[in-house]
Amino acid sequence: MAAESWPAPAMALGASADQACLPAQANDLEALGLPEALPPDWRQRLLGAFGQALEGQRGLRQALEACVGCGACHQSCSFHLGTGDPHNTPQGRADLARRLYRRHFSPRARLLGRWGQPRDILDEDLLGLWRAYFWQCTLCRRCTLFCPLGIDTSLVTRACRHILAQVGQVPGHVAREFLGILGSGNGQGLPPAAWTARHQALEEELLRETGQAMACPVDEQGADVLLIPSPQEPFSQSATYKGYAKVFHAAGLSWTTSTYLNQASNPGLWLGPRQAALVGRRVLEATRLLKPRHIVVAESGQGWAVLRNLGAVLAGGLAGEKYLKAKEPLHICQLSSRLLKEGAFAGVLRPQALQGVKPVFHEPCQVARSGGLGQEPRRLLKAACLGWLEMPKPVGGPLTLCCGAGGGLNAPELYQVRLAGLMPLARALAQAQRRQGCTAVVTMCATCQDQLGEGLAHFGLGLTVHGVHEFLGQALYPSRPAEARP
Ligand code: SF4
Ligand code: SF4
């Protein structure tokens, strides 16, 4: 199906209101320390949580106060472009919170009290809109770049998710992922034995594929690198994960993962500050257990952005950890880029291994707009691939389009919303395929990889999807054809 014939969005208010996450089970809410779904006094609780959020976050009040309704943000949001639903514009989404803000918390509301106010508008209909539309935003922050006042709608989305949690309105998949991390160190709930067995299997696969014996240790103390993987690794995206092992092997660095925390992304951020800190603190605790020289975050968009921007707040800071050579976490692309500059891959790197592959680079939102990385992945791609492409202008750099699946939208029941959110990016990729002849997409976020792999097949784009370290690893130690393996 050609991109031009993809269905146009419905362009109707409430067109995607029925696309909502399945709710968390009562026992999961209890384990999270959150109230049952919609307790009898839910209105008071919700307003109380709203008031506390406004007191704790000046930026939230500013975002709700400052909007002048100019509409400049509307075409920035992939979910509005994909669904056509005015509730899915950044303004429309935040207006769902502004309704309550203006009624209960604005300076005018405080001045007037209840006198002269319209009827109370906090009912189950409004709550249903919150449940739907604050989970149809990936917190990608693209709208911030289009708003003349710099309003950051992701602040509103995150605060409203926290407020919803205070009345037991939590998506089931987020609750399970969070509890999985507290129970087994990862959102999939994999026990340490399964994690270790997977790493032993990876060593065998790497030996068979490359002829090189590469270690994939688990829970080793004093390694050069403690790697914190993305949630999908090392299972569904093992090619990228093997790329990390190849980099460490080529550079002569020892590395390990921790069974206490082996997931970089932090689902606590969608539940509340206490839950975000519980996961963030695990980074520090895992580090203290294993005492590595560097903490390195894998190709995980949210995991990197949260640890880089909020790590000190959530985990308490690393300054006192004497064994750490770097007191800040590094992104794997930063580390590999430094190694490349220092000549660690000299004589090993052969970009000819990727001859015939012409990838276009999709920059993940969390990396381009919140992660402070841009040159490092490009330097690695330049070294690993003979020809790679930038996204067609103006979709690149800080303006990169969202894949539609980050920010906790990775639930099966949100499949249609994710496809709608992906559509603008899929159109840009179809253009890159048609005009520039790209054959693949390369990115540096495991969620983008999953979403693009599934979504581009749906849209009929014959592009394969890869990680930056998958390509770098291939250029370092290419996989031998199956018939040439022992
Ligand atoms: S943060 Fe991204 S998904 Fe959310 S409203 Fe803004 S542009 Fe849309
Ligand atoms: S661009 Fe900014 S001020 Fe204009 S409608 Fe959007 S959020 Fe409001």
Side-chain angles (χ1 to χ4, degrees), residues 9 13 15-17 19-21 57 59-99 101-102 106 129-162 164 269-270 301-302 305-306 309 362-371 394-395 397-411 414 416-426 428 445 447-448 451 455:
L13 187 70
S16 53
Q19 306 282 309
C21 305
Q57 302 173 49
L60 176 62
R61 188 178 284 277
Q62 283 167 353
L64 294 174
E65 272 290 337
C67 177
V68 292
C70 68
C73 58
H74 291 190
Q75 299 304 313
S76 68
C77 179
S78 291
F79 291 90
H80 177 54
L81 294 170
T83 63
D85 186 341
H87 279 319
N88 257 332
T89 63
Q91 179 197 355
R93 194 181 319 285
D95 274 352
L96 297 173
R98 279 189 196 104
R99 288 187 199 177
Y101 174 76
R102 287 180 182 141
S106 66
L129 294 175
W130 274 44
R131 263 195 316 249
Y133 291 102
F134 288 122
W135 286 94
Q136 293 184 23
C137 165
T138 51
L139 298 91
C140 75
R141 300 184 62 243
R142 193 166 192 260
C143 45
T144 311
L145 302 180
F146 287 72
C147 173
L149 300 171
I151 292 174
D152 183 352
T153 305
S154 77
L155 282 180
V156 182
T157 294
R158 199 165 70 200
C160 290
R161 289 182 181 184
H162 293 180
L164 282 169
L269 208 71
W270 318 139
Q302 193 251 26
V306 173
N309 300 319
H362 163 62
E363 243 169 318
C365 306
Q366 294 292 336
V367 174
R369 283 191 282 276
S370 305
V395 184
L399 284 177
T400 189
L401 281 163
C402 183
C403 76
L409 269 68
N410 52 341
L414 294 184
Q416 292 302 333
V417 166
R418 287 203 310 273
L419 281 182
L422 170 63
M423 198 182 287
L425 174 58
C445 167
T447 301
C448 290
Q451 164 79 345

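Whatever order the structure lists them in is the order used to number ligands and atoms, beginning at 1. Since we're looking at a predicted model, the values are computed, not measured. Atoms considered below: every heavy atom in the structure, side chains included; atoms not considered: hydrogens, waters and symmetry mates.
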>> Give me each pair satisfying side chain to side chain donor-acceptor pair (under 3.5 Å) with a member in residues 398-411, each pair once, sequence neighbours excluded.
In response: none
> What are the protein N, O or S atoms, given as residue plus atom name, that sit under 2.8 Å from atom 8 (Fe) of ligand 1?
Replying inline: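 Sorted hits: Cys77 SG.
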>> If I take atom NE2 from residue His362 and atom SG from residue Cys403, how far apart are they, to the nearest 0.5 angstrom?
In response: 5.5 Å
> Between Thr447 and Gln302, do the side chains contain an N or O donor and an N or O acceptor separated by less than 3.5 Å?
Replying inline: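 No, no side-chain donor-acceptor pair sits under 3.5 Å.
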Go through ligand 2 atom by atom and flag the ones less than 4.0 Å from a non-hydrogen atom of [X].
X     : value
Cys73 : 1 (S), 5 (S), 6 (Fe), 7 (S)
Gly69 : 5 (S), 8 (Fe)
Gly71 : 4 (Fe), 5 (S)
Gln91 : 5 (S)

> Judged by non-hydrogen atoms, does Pro148 sit under 4.0 Å from ligand 2?
Replying inline: yes
Could you identify the single nearest non-hydrogen protein atom to [atom] and state the distance to 0.1 Å?
atom                    : answer
atom 8 (Fe) of ligand 2 : Cys67 SG, 2.4 Å
atom 3 (S) of ligand 2  : Val68 N, 3.5 Å
atom 4 (Fe) of ligand 2 : Cys70 SG, 2.4 Å

>> Can you tell me how the ring of His74 sits relative to the ring of His80, calling it parallel under 30°, perpendicular over 60° and tilted otherwise?
In response: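 The arrangement is perpendicular - the two ring planes meet at more than 60°.
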>> For Trp270, does the six-membered ring have the charged nitrogen or CZ of Arg158 within the cation-pi criterion, i.e. under 6.0 angstrom from the centroid and within 45° of the normal?
In response: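 No, a cation-pi geometry is absent between Arg158 and Trp270.
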So which heavy atom on [X] is nearest to which on [Y], and how close?
X      : Y      : value
Cys21  : Trp135 : SG-CB, 3.8 Å
Leu129 : Ala17  : CD2-CB, 4.4 Å
Ala420 : Thr83  : CB-CG2, 3.7 Å

> Partners of Arg369 by salt bridge (Lys or Arg N to Asp or Glu O under 4.0 Å), sequence neighbours excluded?
Replying inline: none
>> Among residues at least two apart in sequence or on other chains, which ones pass salt bridge (Lys or Arg N to Asp or Glu O under 4.0 Å) with Arg141?
In response: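 If we apply the salt bridge (Lys or Arg N to Asp or Glu O under 4.0 Å) test to Arg141, skipping adjacent residues, the hits are Asp152.
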> atom 2 (Fe) of ligand 2: which of Cys147, Ala72, Gly150 has the nearest heavy atom?
Replying inline: Cys147
> What atoms of ligand 1 come closer than 4.0 angstrom to any heavy atom of Arg141?
Replying inline: 1 (S), 2 (Fe)
> With no hydrogens and no angle check, is any side-chain donor or acceptor of Arg93 less than 3.5 Å from a backbone partner on Thr157?
Replying inline: no
> Using heavy atoms and a threshold below 4.0 Å, how should the contact between Leu139 and ligand 1 be classified: side chain, backbone, both, or neither?
Replying inline: backbone
